[in-house]
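Here the structure is a predicted model, which means the values were calculated and not measured. Chain naming here is simple, since letters A, B, ... match the order of the sequence lines and numbering starts at 1 in each.
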2 protein chains.
Amino acid sequence: MQITTERLTTSLKSAGMRMTPQRAAICKALAESEAHPTAAMIYDELRPQFDSLSLATVYNTLEALVKIGVVNALGGAGDGSIHYDADTEPHVNLACISCNKIIDIPSSHVQQLDDEITSTSGYKLLGARVLYYGLCPECQKKQEN
Amino acid sequence: MQITTERLTTSLKSAGMRMTPQRAAICKALAESEAHPTAAMIYDELRPQFDSLSLATVYNTLEALVKIGVVNALGGAGDGSIHYDADTEPHVNLACISCNKIIDIPSSHVQQLDDEITSTSGYKLLGARVLYYGLCPECQKKQEN
DNA sequence: TTCTAAATTTAGAATTATTATAAACAATAA
DNA sequence: TTATTGTTTATAATAATTCTAAATTTAGAA
């Protein structure tokens with residue numbers, strides 16, 4: 001599914017938050033990224049456009065999006081930092097513990113799993129993550145040398 | 001599946017590492033815990049027995065177990081810390097973002113998912129985690145007040 | 001048992017991601 | 001305009017984890 005910037009910005013607005021140039025840019029960067037970026041990655045990407053941007057603003061905006069439920073916070077990619085994912089549909093993340101990239105891979109079973117947990121857990125569910133980790137083909141080759 | 005202390009200690013030995021009282025105690029604490037403990041939790045549990053135990057030793061031992069592949073490192077439980085799980089069979093973790101407890105729940109689909117990813121990813125897989133997060137029944141009640 | 005070399009533990013310092021704080025700034029509404 | 005509230009910013013504080021170097025322990029040989 002294609003994630004739109006508008007989905008994120010309208011979510012913030014309907015949660016009673018004002019739209020600012022910084023927040024709009026953070027939503028856009030996140031929605032258009034394939035890289036499951038960290039706060040620092042978004043900050044670095046936007047810094048050229050917003051000379052005075054603060055990391056705190058990036059964290060605050062991401063935290064708000066997570067709280068609303070339109071963004072998932074993904075830990076455990078091998079680096080010590082949180083990656084953000086604007087795709088909240090059930091899907092599988094595949095992380096390389098060497099280069100720390102995270103990609104999505106399609107799965108025909110993950111939706112059934114999601115239905116099962118949703119109906120049986122007894123929790124008020126706020127999000128999920130399915131993460132597999134290992135060495136990507138490129139890093140496997142590098143390691144052989 | 002029941003996790004045995006021996007599985008962890010023999011793994012360390014066959015990886016060429018020496019067995020020490022500290023390492024044995026860390027393996028035992030992890031194997032016998034239901035709580036998906038953090039390094040700090042293991043440290044606190046063992047401190048009474050090992051007066052001079054260092055957190056660095058706990059981290060080193062856990063890191064070795066993760067590298068060998070007999071323990072999984074689970075991030076993203078809502079606190080900022082890594083939880084460790086000696087059960088490496090595919091299963092679902094359910095985390096409460098309020099009290100930060102992690103429990104296992106049974107699932108009839110997670111094994112199929114695991115087979116699918118293992119055969120299609122192209123990665124050299126080292127571990128996996130399936131995490132759902134939300135509010136446990138107790139914390140839901142507390143939040144209503 | 002004693003000796004030796006290598007591995008391990010330890011205490012504390014360093015690092016790093018994230019959160020908190022308070023002052024400056026911007027936007028909204030009366 | 002003015003008051004009010006929300007937001008951004010720079011910086012300080014916090015906390016989990018890793019690093020470092022010295023002291024200790026281990027396994028095995030003598």
Side-chain angles (χ1 to χ4, degrees), chain A residues 8-9 11-27 29 36-44 46-68 71-84 97 100 102, chain B residues 8-27 29 36-44 46-68 71-84 95 97 100 102:
Chain A
L8 303 182
T9 55
S11 297
L12 287 178
K13 279 188 274 189
S14 50
M17 299 178 70
R18 290 179 186 163
M19 190 43 48
T20 66
Q22 292 90 335
R23 285 178 179 164
I26 291 164
C27 289
H36 305 81
T38 63
M41 288 164 71
I42 293 174
Y43 174 76
D44 291 340
L46 297 180
R47 199 69 195 291
Q49 310 166 41
F50 287 89
D51 203 30
S52 70
L53 182 66
S54 166
L55 248 182
T57 301
V58 180
Y59 276 108
N60 287 341
T61 305
L62 292 170
E63 184 191 7
L65 291 165
V66 169
K67 195 163 286 174
I68 292 167
V71 165
N72 281 339
L74 318 177
D79 52 2
S81 39
I82 298 173
H83 293 247
Y84 294 87
I97 63 165
N100 297 323
I102 304 178
Chain B
L8 303 183
T9 54
T10 56
S11 296
L12 287 178
K13 279 187 276 188
S14 50
M17 300 179 69
R18 292 179 184 167
M19 190 43 48
T20 66
Q22 292 91 335
R23 286 179 179 165
I26 291 164
C27 289
H36 304 81
T38 63
M41 289 165 71
I42 293 174
Y43 174 76
D44 290 340
L46 297 180
R47 200 69 195 292
Q49 311 165 41
F50 287 88
D51 203 30
S52 71
L53 183 66
S54 167
L55 250 181
T57 300
V58 179
Y59 276 107
N60 287 341
T61 305
L62 292 170
E63 185 191 7
L65 290 165
V66 170
K67 194 163 288 177
I68 292 168
V71 165
N72 281 339
L74 318 176
D79 51 2
S81 40
I82 298 173
H83 293 247
Y84 293 88
I97 63 163
N100 296 322
I102 305 178

Q: Treat primed atoms plus P, OP1 and OP2 as sugar-phosphate and everything else as base, then score nucleotides 10-20 of chain D 5' to 3': B for base contact with protein heavy atoms under 4.0 Å, S for sugar-phosphate contact only, - for none.
A: B-----SSBB-
Q: Sugar-phosphate atoms are those with a prime plus P, OP1 and OP2; base atoms are the rest. Using that split, label each nucleotide of nucleotides 23-30 of chain C B, S or - for protein heavy atoms under 4.0 Å, 5' to 3'.
A: --------
Q | N/O donor-acceptor pair under 3.5 Å between B:Arg23 side chain and B:Arg18 backbone | A | yes
Q. Are the side chain of A:His36 and the backbone N or O of A:His83 linked by a donor-acceptor pair below 3.5 Å?
A. no
(Q) If I compare all heavy atoms of A:Phe50 with all of A:Pro21, which pair ends up nearest, and what's the gap? (A) CZ-O, 3.5 Å
Q: Start with the C-alpha distance between A:Leu62 and A:Ile42, add both sets of side-chain angles, then the distance that settles side-chain contact (heavy atoms from CB on, under 4.5 Å), and finish with yes or no.
A: CA-CA 10 Å; A:Leu62 292 170; A:Ile42 293 174; 4.1 Å; yes
Q) More 5' along DNA chain C: A:Asn60 or B:Gln22, using each one's nearest nucleotide? A) B:Gln22
Output the rounded distance in Å from [atom1] ([X]) to [atom2] ([N]).
{"X": "B:Arg23", "N": "C:dT10", "atom1": "CZ", "atom2": "C1'", "result": "13 Å"}
{"X": "B:Leu12", "N": "D:dT26", "atom1": "CG", "atom2": "P", "result": "15 Å"}
{"X": "A:Lys13", "N": "D:dG6", "atom1": "NZ", "atom2": "P", "result": "18 Å"}
{"X": "A:Leu62", "N": "C:dT19", "atom1": "CG", "atom2": "C1'", "result": "14 Å"}

Q. Does the side chain of B:Thr57 come within less than 4.5 Å of B:Ile26's, by heavy atoms?
A. yes
Q) Does the side chain of A:Leu53 come within less than 4.5 Å of A:Gln22's, by heavy atoms? A) yes
(Q) The test is side-chain contact (heavy atoms from CB on, under 4.5 Å); show your working for B:Leu12 and B:Thr61 and say whether it passes. (A) CA-CA 9 Å; B:Leu12 287 178; B:Thr61 305; 4.2 Å; yes
Q) Nearest 0.5 Å, what's the CG-CE distance between A:Leu65 and A:Met17? A) 8.0 Å
Q. So what's D:dA30 paired with, Watson-Crick or G-U wobble, going by both distances under 3.5 Å?
A. C:dT1
Q.
Applying a 4.0 Å non-hydrogen cut-off, can you work out what B:Thr20 is touching in the nucleic acid: base, sugar-phosphate, or nothing?
A. sugar-phosphate
